[in-house]
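This structure is a prediction, so every number in the text was calculated from the model and none was measured. The figures that follow rest on heavy atoms only: side chains count, while hydrogens, waters and symmetry mates do not.
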Amino acid sequence: MRIPGYDREKGRQHNLATIIELSRVLERGKWLTHDWRRYWGLCLCFDALIGNTDRHQENWGLIWSEEGPTARFTPYFDNGTSLGHELLPEKMQLSSDIRK
């Protein structure tokens with residue numbers, strides 16, 4: 001599936017609607033080996049739970065089978081901006097000062 005005018009560098013048209021559209025196309029073609037709704041639901045819940053803010057177009061993918069035209073979504077990867085990764089001691093101090 002190609003998105004006309006897609007900007008790979010900025011990912012402007014990469015959004016949940018595009019992911020859903022792609023997933024539905026794969027489902028209709030009977031290419032997916034699992035439930036994409038469950039996959040994305042768990043992915044988004046997991047990202048929210050760990051505070052991941054980096055689920056862009058290059059942080060998920062499909063694994064295609066060598067035995068036929070079937071695929072599955074990859075395990076979740078590149079969760080590098082989660083669990084307070086960018087909370088530097090200076091920012092933590094500023095946050096506690098704001099709450100006072």
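Side chains of Cys45 and Leu49 form no contact here, defined as non-hydrogen atoms less than 4.5 Å apart. A 4.5 Å side-chain heavy-atom check between Leu44 and Tyr39 finds every atom pair outside the cut-off.
One finds the NE2 atom of His34 at 6.0 Å from the CG atom of Leu32 (value rounded to the nearest 0.5 Å). Taking OG1 of Thr53 as the start and CG of Asp47 as the end, the distance is 9.0 Å to the nearest 0.5 Å. With rounding to the nearest 0.5 Å, the separation of SG in Cys43 from CG in Asn52 is 8.0 Å.
Ile20 meets the side chain to side chain contact (heavy atoms under 4.5 Å, CB included) test with Leu16, Arg24, Trp36; sequence neighbours excluded. Trp40 is linked by a side chain to side chain donor-acceptor pair (under 3.5 Å) to nothing, counting only residues two or more places apart in sequence or in another chain.
The minimum heavy-atom distance between Thr74 and Leu62, with the atom names listed, is CG2-N, 3.9 Å.
Looking at Arg55, its side chain does come within 3.5 Å of a backbone N or O of Asn59 through a donor-acceptor pair.
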Kindly list each side-chain donor-acceptor pair under 3.5 angstrom involving residues 63-73, sequence neighbours excluded, with atom names and distances?
| residue | atom | partner | partner atom | Å |
| --- | --- | --- | --- | --- |
| Ser65 | OG | Glu67 | N | 3.0 |

Audit row: Tyr76, Leu42, side chain to side chain contact (heavy atoms under 4.5 Å, CB included) steps and yes/no = CA-CA 10 Å; Tyr76 312 131; Leu42 289 172; 3.3 Å; yes
